[in-house]
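Let me begin by presenting the structure, written as structure tokens, before commenting on it.
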Amino acid sequence: EELMASADIACYAAKDGGRNRIHVYQPSDTEMEERRGEMNWVSEIRMALDEDRFNLLFQPIVPVSVSDTVPAHYEFLLRMQRDNECILPMAFIPAAERYKLMPEIDRWVVNKTITLLKEFPHFSESAIVLVNLSGQSLCDISFVEYLEEEIKTHSLIVSGICFEISERAVISNLRGVRDAIKRLKKCGCRFALDDFGGGLNSMGNLPELGVDYVKLDGNFVKNMCNDPINAAMVRAINEIAHTMGVATIAEMVESEEVLESIRVLGVDYCQGHVIALPQPVEELFNEARKTEGLCVIS
């Protein structure tokens, strides 16, 4: 069993090296050990899907300037549950991406979100939920067709969902992601571009993507009060997005000082520990249960 697992890992290494080649497995090979760890995550992911051991947390996204005229915004965050341990996505997503499991995970997230919103249809009328999707899923035609069918079936509910994709996914799969966004926006979907600013090439692609929100890279935001270059990046990206008519969201706002800085710059929304920590998504709907379907949380 161990021998076959080692051969399997070596095969994947040969494929990643360009195919049509041989890779000799060595127990001391660091890359092979990383792959072995990823293979372990593959089986863990499959079990988590089969046993429904994924769950969602939510984190509020609030207007930087007080406003009663905009809907509430929340990001749904994926976690894996193992016994009493809550596993962050950064632990298993690299393996899921390498072994093409992201469309299965994203289907689970979309299904779970729609199931929750179906229970409280009034919620999607007063709030917008940001749901992360991988570039791998958006470049999978069967996944895009699945989303179109879900939108058609649950049109009122899905109108409250904004799909969030990373800038890295756009850079890696520009044509596929761009085409999927255009296709799904025709169905009424919203889109947000996450971690924007890390890859400057994507600035030129922003107009043709047609996203509704840009999330400023949290690495720039959290350090902007101590680093003038980071502050300049936040200012420039915010101005570029606004020039294109796109709303901006500052991630990783972790201090009152940073909050005040992005307020001065005119960023539209913010998200981070200074606002609220992630919480179980069920708590978001507790008030809705009490008020028979209407939930407004500030």
Exceeds 12 heavy-atom contacts within 6.0 angstrom, atom NZ of K185: yes

Check: T113 and L56 side chains under 4.5 Å, non-hydrogen atoms: yes

Inter-residue atom distance L147.CG - R107.CZ, 0.5 Å rounding: 8.0 Å

Shortest non-hydrogen separation from I151 to C189 and the atoms involved: CD1-SG, 3.1 Å

Aromatic ring pairing Y213/H73, orientation class (parallel under 30°, perpendicular over 60°, tilted between): perpendicular

Steps toward side-chain contact (heavy atoms from CB on, under 4.5 Å) verdict (D52, W108): CA-CA 9 Å; D52 198 27; W108 184 93; 2.8 Å; yes

Shortest non-hydrogen contact between V42 and A95, atoms and distance: CG2-O, 4.5 Å

Presence of salt bridge, R46 and E104, under 4.0 angstrom: yes

Value rounded to 0.5 Å, distance of CD1 in I165 from CG in D194: 9.5 Å

Sub-4.5 Å side-chain heavy-atom contact between I249 and L130: yes

Within-4.5 Å side-chain heavy-atom neighbours: I128 and I61: no

Nearest-0.5 Å distance, CE of residue M252 to CG of residue N223: 8.0 Å

Connected via hydrophobic side-chain network under 4.5 Å: L57 and F92: no

Note, I93 side chain near M102 side chain (heavy atom, < 4.5 Å): yes

Pair C187-K152, side-chain contact (heavy atoms from CB on, under 4.5 Å): steps then yes or no: CA-CA 8 Å; C187 301; K152 187 187 301 182; over 6 Å; no

M4 backbone acceptor or donor facing D8 side chain under 3.5 Å: no

Rounded distance (nearest 0.5 Å) linking atom CG of L138 with atom CG of L184: 7.0 Å

Hydrophobic cluster identity match, L117 and F76, side-chain contacts under 4.5 Å: yes

Minimum heavy-atom distance V246-V211, with the two atoms named: CG2-O, 3.7 Å

Any donor-acceptor pair under 3.5 Å from N238 side chain to L265 backbone: yes

Pair N111, Y146: side-chain N/O donor-acceptor within cut-off below 3.5 Å: yes

Side chain to side chain, V131 and C162, heavy atoms closer than 4.5 Å: no

Rounded distance (nearest 0.5 Å) linking atom CE of M80 with atom CD1 of I105: 6.5 Å

Under the side-chain hydrogen bond (donor to acceptor under 3.5 Å, both in side chains) test, residues paired with S142 that sit two or more places apart: D140

Heavy-atom check, side chain of F220 versus side chain of F196, under 4.5 Å: no

Neighbour count >12 (heavy atoms, 6.0 Å) for atom CG, L277: yes

V177 side chain reached by I181 side chain, heavy atoms, under 4.5 Å: yes

E85 atom CD: more than 12 heavy-atom contacts under 6.0 Å: yes

Electrostatic pair E44:R53 at N-O distance under 4.0 angstrom: yes

M244-V267 co-clustered via ILVMFWY side chain contacts under 4.5 Å: yes

C270 versus L259, closest heavy-atom pair with distance: SG-CD1, 3.6 Å

D50, CG: over 12 other non-hydrogen atoms inside 6.0 angstrom: yes

Nearest heavy-atom neighbours spanning A96 and Q136: O-OE1, 4.0 Å

Intermediate values then yes/no, side-chain contact (heavy atoms from CB on, under 4.5 Å), I87 and Q81: CA-CA 6 Å; I87 302 171; Q81 199 67 34; over 6 Å; no

Cluster overlap L77 with F191, hydrophobic side-chain contacts below 4.5 Å: no

E257 backbone acceptor or donor facing S261 side chain under 3.5 Å: yes

Residue pairs passing the side chain to side chain donor-acceptor pair (under 3.5 Å) test where at least one lies in residues 268-278, sequence neighbours excluded: Q59-Q271, E75-Q271, K215-Q271, H242-D268, T248-D268

Parallel, tilted or perpendicular, as decided by the 30° and 60° cut-offs, for the rings of Y74 and F58: perpendicular

Point-to-point distance, once rounded to the nearest 0.5 Å, from CG of N132 to CG of L78: 8.5 Å

Close side-chain approach of V258 to V274, heavy-atom, < 4.5 Å: no

W41 with V109, same ILVMFWY side-chain cluster at under 4.5 Å: yes

Full working for side-chain contact (heavy atoms from CB on, under 4.5 Å) between E164 and R190: CA-CA 9 Å; E164 183 175 326; R190 296 181 177 91; over 6 Å; no

Shortest non-hydrogen contact between A276 and P60, atoms and distance: CB-CD, 3.7 Å

